[in-house]
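Below is one structure; the comments refer to it alone.
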Amino acid sequence: MSAFLAVIGRELRLAVRAGGEALTLVLFFVMVGVIVPFAIGPDRPQLMRLSTGIVWIAAFLSMLLGLDRLFRADDEDGSLLLFTTSALPLEAIVAAKLIAHWLVTALPLLLATPILALLLSMTMEQWTKTLLALLCGTPALTGFGAIGAAVTVGLRRGGLIAPVLILPLAIPVMIFGVGSADPLAGNGATLFLIALSLVVAVFAPFAAALALRSASE
Amino acid sequence: MSVTPDTKPALKPLKQPNWFSRLAHPGQFLVWSRYLIWPLAIISAVLFAVGLWFSFFNSPDDYQMGDMVRVMYVHVPNAWLSQFVYALMAASALGTLVWRHPLADVANKAAAPLGAVFTALALYTGALWGRPTWGTFWEWDGRMTSTLVLLLIYLGIIALWRAFDDQLKAGRIIAIVTLVGALNIPVIKFSVDWWNTLHQPASVFTASGPRMPMSLLTPLLIMTLAFTALFGLLQVVRMRTEILRRRADSLSRQAALQGGGA
Amino acid sequence: METPVLSAEGLAVMRGEKLLFSGLGFAVGAGEALLVRGPNGVGKSTLLLTLLRVVRPLAGAVSGLGPTEMHHIGYQHGLKGRLSVIENLRFWKQLGGGTGLAPEAALAEVGIAALSPLEAGFLSSGQLRRLSLARLLVSERALWLLDEPSAALDTEGEALLGRLIDRHRESGGAAIIATHHDLPLAVAPRTLVLVAAS
């Protein structure tokens, strides 16, 4: 367990030291929200109607941007190779890295949603529902992202290919994420989103570890 | 202290079982698959001839859609193949991951662009059909949307194949992606249907048997067989091409290594 | 000799499409050191990775200790430039588990105790190498796989490396070392010379 926590601790420490990579991601997230009114017009009722979807698109794009470094840095400096001699199985190390990655890339976005809520004239109810949906859905995005990052770890052009692979797979997260904020949808979408996140969070470390092993084989 | 042989340059690669499974099986495939090409070509040509005759001259117009119903004879086989090819790729991914069979990743690589083309054709013919029946080329209905997502998954896999230099390593990694996609496709279908339940109910087979009149079903089945035979033919040819290309690459690299000085 | 800690039998390894070696067999017992020699590109590093079970051999098998009972030192160190020297070492101690020196003591042992609070990104390559060697000490492992361990080390560093290996052997450990240099070892090691496969 201490080794598991050590991995999380190292990732968090690196994220803090790396000088605001997380903050840059938040900035990008907010910027997507800022740019949309320029594209569709400043009409407040229309913005309000589309706000949940805009926030989700912003979150989707931000999380895709952040996933490239997930394993690449460890691959380049040799940490990934040393993980094989670790007492902790690679699957557990990947799981720990995912938890840390979620804390560093998804949690700041959740904290930044009030800014977008304000800019896009969300109602209080819309904002709380969107926040809840993001909380339930972003673990699945991190999980899919981990698989994408792991399969492209050895590729120089991986930064471009991983999002292309991941986006279609993550469409259900988008559908149920936006759907759970829909007043007509009821609780089903939220429950499905939670189920999806749980399944992906359990499954992704195994798939990602398998891909990482295959990449060095 | 144990005896340590300092060097063992002696090489008898073909006597070792792993070598055999790795190289000889594709070689065997090259030998026996040659005899599949002509029969498959003839079978698909005959099926297409019969199927097209049925489609154009021996099936009734639809009372609503008129002649446009004939698009179905191309649309449905391609829609079927779009899923069948992915199922085949998922099976070959298992072959790569579990049994490390060298033909399995060749099969995956060969099938991906074919699957993408059939999926694109299904979407294209669907759009042609949709124009007169729904009044629009594109409708975000459940089935068309799932098919579009499937096309995106195919294209992602093709992009990944092209991104790898080392095709042997690529095989295992792409097998993982293929299987993750296969597990996810039902979820995508479910979510897209939930998102939009406006699609037409399934009409070829129902619990009580085919509801479609025989006059429509016969050409449909023949055309489906014809397209499937065509896929089989193209798949065999592509697999052979891929094996030969790998051999040629391997030979030229070996030549370069030997020429580069030992 | 009693049961070897690690043995290889009939190993054939392919990298890309090139066959590096085949029919390679050897055994290493407790307290032994084995030097692996051979020209560049012959597959010394790949052999070590095969023993680490990272690279799958085309044929043959490695038996004995598993990767969690080994240390591996390669040309990359698995160190993060933004973490301090001691933080890096603490991390690998926690991940390695088991018994071993305290990170501070290990740093003193390899002669870079004074650098402990410095970010690892500021170390010279020789100092990074010493930090890597400290990793060998913070968690005890029966087998060391060392890939050019003396690279970037000064004479004093090489003597240190020799002492570490000697002490590891005295306490019953084994080491397999791929190197072009002669290491100052108390007991002469056995040598395995790899020759390019035809």
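Below, chain A is the first sequence line, B the second, and so on; all start at residue 1. In what follows, every heavy atom counts, from backbone to side chain, and hydrogens, waters and symmetry copies are set aside.
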Region of C/Ser84 that comes under 4.5 Å of a non-hydrogen atom in chain A: backbone
message: What's the separation between atom CZ in C/Phe91 and atom CZ in A/Arg13, rounded to the nearest 0.5 Å?
response: 10.5 Å
query: Which residue out of A/Ser2, A/Gly9, A/Ser216 racks up the most heavy-atom pairs below 4.5 Å with chain C?
result: A/Ser216
query: Side chain, backbone, both or neither: which part of C/Arg90 has an atom under 4.5 Å from a heavy atom of chain A?
result: neither
query: In terms of heavy-atom proximity below 4.5 Å to chain A, should C/His77 be classed as side chain, backbone, both, or neither?
result: backbone
- request: Please tell me if the side chains of C/Lys80 and A/Leu14 come closer than 4.5 Å, counting only heavy atoms from C-beta onward.
  value: yes
- prompt: What part of C/Arg135 gets closer than 4.5 Å to chain A, counting heavy atoms only: side chain, backbone, both or neither?
  reply: side chain
field: Portion of A/Ile93 that has a non-hydrogen atom of chain C nearer than 4.5 angstrom
entry: side chain
query: Is chain A contacted by the side chain of C/Leu79, its backbone, both, or neither, given a heavy-atom distance below 4.5 Å?
result: backbone
message: A quick test of your reading: do over 12 heavy atoms of other residues, nucleotides or ligands sit less than 6.0 Å from CZ of A/Phe206?
response: no
message: Using only non-hydrogen atoms and a strict under-4.5 angstrom cutoff, which residues of residues 80-88 of chain A touch chain C?
response: A/Leu81, A/Leu82, A/Phe83, A/Thr84, A/Thr85, A/Ser86, A/Ala87, A/Leu88
message: Using heavy-atom distances under 4.5 Å, tell me whether C/Leu83 contacts chain A through its side chain, its backbone, both, or neither.
response: both
message: Taking CD in C/Glu9 as the centre, count heavy atoms belonging to other residues, nucleotides or ligands within less than 6.0 Å. Is the count above 12?
response: no
query: Do the charged groups of A/Arg17 and C/Glu87 touch, with an N to O distance under 4.0 Å?
result: yes
- prompt: Okay, side chain of C/Gln76, backbone of A/Ser79: is any donor-acceptor separation there less than 3.5 Å?
  reply: no
